[in-house]
Amino acid sequence: MKEVKKMGRPRSTAEGGKNYTFYLSREVGEKVKELGGAKWITKKILEVSPEIQEMLELRKKIERLENEKIITLDFDPCGNDYSYFDTDTLANYAKLRFEERDGDFFYTVTDDREQWKLVIPRLLDGLIDDRTLNRGPFFGNKADAKKHLDESLKDQYIDKERYDELVQELNELKLN
């Protein structure tokens, strides 16, 4: 079956932007095109409006928390040893859910009764740290996870047998 293309301009871009139409004199329009068009306008607006830049950075950070996979190394329920490696997003690992409403971001703890709170950008890293502190370490890649295991073995936090088991598990882990 032939795909039918929708007529007209798209309502919004993949990044969440929208197309706007406004009048510019011919001279100004040509100069805007010459300087880079919408990208130049965006750059200039961000220079005079740091709160928009902060919101865009927060949106990107939250998208990374919700979408990029990390390697997790959970503690066993007794807290005496590591239990197993797994992959997850940092938002899921921290048991946080995010939502954007009217230009502001809110979060809720997933094991809570959905009490939404405003995300304060400068406190977001601390929130993640607090939510993951008792769960175990997490890593952005296998090399960092392996380095952590090496240090744990060196410091005698884990024995050689458990180290070998965890290294094998790490090597078999799929980070997709």
Side-chain angles (χ1 to χ4, degrees), residues 3 10 12-17 39 42-43 46 49-176:
E3 184 178 331
S12 61
T13 66
E15 297 82 28
K39 288 184 180 181
T42 300
K43 179 181 173 191
L46 293 176
S49 185
E51 65 274 1
I52 293 175
Q53 180 67 36
E54 184 177 277
M55 184 57 66
L56 291 173
E57 289 171 5
L58 180 59
R59 179 178 288 122
K60 285 180 185 176
K61 187 171 191 169
I62 289 174
E63 284 174 1
R64 280 194 312 273
L65 292 173
E66 292 179 319
N67 298 313
E68 288 182 10
K69 293 288 186 177
I70 59 168
I71 298 171
T72 63
L73 182 55
D74 287 335
F75 291 124
D76 74 5
C78 299
N80 299 329
D81 191 7
Y82 296 124
S83 185
Y84 57 90
F85 277 109
D86 202 358
T87 60
D88 205 343
T89 65
L90 192 47
N92 283 342
Y93 192 60
K95 296 185 178 184
L96 294 172
R97 212 169 84 219
F98 295 94
E99 197 173 279
E100 185 176 3
R101 294 185 215 145
D102 299 322
D104 288 320
F105 284 94
F106 295 86
Y107 73 92
T108 187
V109 177
T110 57
D111 52 5
D112 205 356
R113 283 179 252 146
E114 294 207 10
Q115 296 177 347
W116 292 92
K117 298 175 185 168
L118 183 66
V119 173
I120 301 171
R122 62 184 165 74
L123 302 178
L124 185 55
D125 289 335
L127 173 65
I128 297 294
D129 289 345
D130 289 347
R131 297 291 308 155
T132 59
L133 181 65
N134 295 321
R135 300 223 38 214
F138 57 89
F139 314 95
N141 57 57
K142 288 185 177 184
D144 290 344
K146 173 75 166 64
K147 183 178 176 184
H148 179 79
L149 289 178
D150 293 343
E151 291 171 3
S152 295
L153 178 64
K154 180 183 166 202
D155 295 340
Q156 298 179 345
Y157 182 72
I158 58 176
D159 62 29
K160 179 71 170 129
E161 183 180 338
R162 185 67 180 131
Y163 170 85
D164 291 339
E165 290 171 3
L166 288 169
V167 168
Q168 181 178 350
E169 188 177 318
L170 177 62
N171 289 334
E172 294 171 358
L173 193 66
K174 302 258 188 281
L175 194 58
N176 294 341

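From a predicted model like this one, the values you see are computed outputs, not experimental measurements. In what follows, residues are counted from 1 in the order of the sequence shown.
Residue-environment remark: CD (Glu51) exceeds the threshold of 12 foreign heavy atoms within 6.0 Å. Applying the 6.0 Å contact sphere to NZ of Lys43 captures no more than 12 heavy atoms from other residues, nucleotides or ligands. For CD of Gln156, the number of neighbouring non-hydrogen atoms (other residues, nucleotides, ligands) closer than 6.0 Å is 12 at most.
At least one donor-acceptor pair under 3.5 Å links the side chain of Asn171 to the backbone N or O of Val167. Between the side chain of Thr72 and the backbone N or O of Asp86 there is at least one donor-acceptor pair closer than 3.5 Å. Using a distance-only test at 3.5 Å, with no hydrogens or angles considered, no donor-acceptor pair links the side chain of Asp155 to the main chain of Tyr157. Side chain of Glu169 to main chain of Phe85: a donor-acceptor pair is present (N/O by atom type, distance under 3.5 Å, no hydrogens or angles).
Asn134 contributes atom CG, which lies 11.5 Å from atom CG of Asp74 (distance to the nearest 0.5 angstrom). Separation of atoms CG (Leu65) and CZ (Phe98) is listed at 5.0 Å; rounding is to 0.5 Å. Note that CD of Glu57 is 12.5 Å distant from CD1 of Ile52, once rounded to the nearest 0.5 Å. Atom CZ of Arg64 and atom OG1 of Thr89 lie 13.5 Å apart (nearest 0.5 Å). Between Tyr84 atom OH and Leu173 atom CG the span is 11.5 Å, to the nearest 0.5 Å. How far CZ of Arg97 is from CH2 of Trp116: 4.0 Å, rounded to the nearest 0.5 Å.
Between Lys154 and Asp150 there is no salt bridge, since no side-chain nitrogen of the basic residue lies less than 4.0 Å from a carboxylate oxygen of the acidic one. Salt-bridge formation is not detected for the pair Glu63/Lys60: no Lys NZ or Arg NE/NH1/NH2 atom is positioned less than 4.0 Å from an Asp or Glu carboxylate oxygen. For Glu99 and Arg101, the salt-bridge test passes: some basic side-chain N is under 4.0 Å from an acidic carboxylate O.
By the 4.5 Å heavy-atom criterion applied to side chains, Thr132 and Tyr93 are counted as neighbours. Counting heavy atoms from C-beta on, the side chains of Arg162 and Asp159 come closer than 4.5 Å. Looking at heavy atoms from C-beta onward, Lys174 lies out of side-chain contact with Thr87 at the 4.5 angstrom threshold. Side-chain atoms of His148 and Phe139, non-hydrogen and from C-beta on, do get closer than 4.5 Å to each other. Counting only heavy atoms from C-beta outward, the side chains of Asp88 and Ile71 never approach each other to under 4.5 Å. Counting heavy atoms from C-beta on, the side chains of Arg135 and Lys95 come closer than 4.5 Å.
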Could you walk me through whether Glu68 and Leu90 pass side chain to side chain contact (heavy atoms under 4.5 Å, CB included), step by step? CA-CA 7 Å; Glu68 288 182 10; Leu90 192 47; over 6 Å; no
Can you check side chain to side chain contact (heavy atoms under 4.5 Å, CB included) on Lys146 and Leu170, steps first, answer last? CA-CA 8 Å; Lys146 173 75 166 64; Leu170 177 62; 4.0 Å; yes
Side-chain polar contacts of residues 120-128 - donor-acceptor pairs under 3.5 angstrom, sequence neighbours left out - could you list them?
residue : atom : partner : partner atom : Å
Asp125  : OD1  : Lys61   : NZ           : 2.6
Asp125  : OD2  : Lys61   : NZ           : 3.1

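Partners of Glu172 by side-chain contact (heavy atoms from CB on, under 4.5 Å), not counting sequence neighbours, listed by chain and number: Gln168. Under the side-chain contact (heavy atoms from CB on, under 4.5 Å) criterion, Leu118 pairs with Asp104, Phe106, not counting sequence neighbours.
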